[in-house]
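Below is one structure; the comments refer to it alone.
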Amino acid sequence: MAGLYKYDHGERFEQHGFYNLLVFLAIYIPLNLVLGVLYVLWRKVDRFPAYFAVAVLVGGIYVSVSLVHYRKIFDQGLRGSFDYSLDECTWSGWNIPLVDLLPAGTQNFWAGSMHCKSEPQRIAAIIGEDGVLTVHCETPGSNVLIDILPETREWPLRDKDIWGTCNRMVIERTQRLAYYKDLPFVLNDTTQAVVVR
């Protein structure tokens, strides 16, 4: 395991066998535990097949109802806050959002808590359709800074090849500018992301 981690844990397709092994173990071990528990229950519990069939039926009904619900809200965007416009492409075709059946946080359990502590400096930022960034800060006398992250879509592959190099280049090319409430702060069309602090 230590050898795999040292030599085979890159983010490229050619070098991530260690991650594949972890995913394999994450599926193999729980699956065998479930099968073992089902086998013990089948041997020890009277009429277990009937109980199991009822549980599968109830679970199937729950999954079906949930999928119907998630299909109805599929085009509403992230928590309903980014709805599509009429002039944009819309989803067409058959969609089964199975990933929505997972409990919240299942896919990012390794990232820890998704809840942040409330910051003493409360900031609200809005980007208008004209590209003007407007910032409202509830803390009087606070200096607001805008970090403009670099455009990375046109970077050549060699600049994105090594994760540490890519991180360093993003940090080096990020522009930090002061925000003044009385002056309009206009973002370029190519701006991918900004951080207001």
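- For the residue pair D46 and Y51, the shortest heavy atom distance occurs at O-CE1, 3.5 Å.
- Connection of V196 to L177 is established within a shared hydrophobic cluster, with ILVMFWY side chains joined at heavy-atom distances below 4.5 Å, either directly or through further cluster members.
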Side-chain donor-acceptor pairs under 3.5 Å in residues 21-41, sequence neighbours left out?
residue: N32; atom: ND2; partner: Y28; partner atom: O; Å: 2.7
residue: Y39; atom: OH; partner: R43; partner atom: NH1; Å: 2.9

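- Hydrophobic clustering (ILVMFWY, side-chain heavy atoms < 4.5 Å, transitive): V56 and W42 are in one cluster.
- When the shell of 6.0 Å around CD of E154 is examined, it contains 12 or fewer heavy atoms from other residues, nucleotides or ligands.
- Put simply, L98 and V63 are part of the same group of oily side chains (I, L, V, M, F, W, Y) that touch within less than 4.5 Å, one to the next.
- Looking at Y62 and V58, their side chains never come closer than 4.5 Å, going by heavy atoms from C-beta outward.
- Applying the side chain to side chain contact (heavy atoms under 4.5 Å, CB included) test to A53 and every residue at least two apart in sequence or in another chain returns nothing.
- Two residues are said to be in side-chain contact when any heavy atoms from C-beta on lie closer than 4.5 Å; T134 and H136 meet this criterion.
- Considering every non-hydrogen atom in both A178 and F185, the closest pair reads O-CE1, 4.1 Å.
- Taking 4.5 Å as the limit, some side-chain heavy atom of I146 sits within range of a side-chain heavy atom of V135.
- V65 and L57 fall within the same hydrophobic cluster, where Ile, Leu, Val, Met, Phe, Trp and Tyr residues are linked whenever their side-chain heavy atoms come under 4.5 Å apart, directly or through other members.
- Closest approach of V186 and D130 over heavy atoms only: CG1-O, 4.5 Å.
- The residue from I148, T191, L149 that alone fulfils the side-chain contact (heavy atoms from CB on, under 4.5 Å) condition with Q175 is I148.
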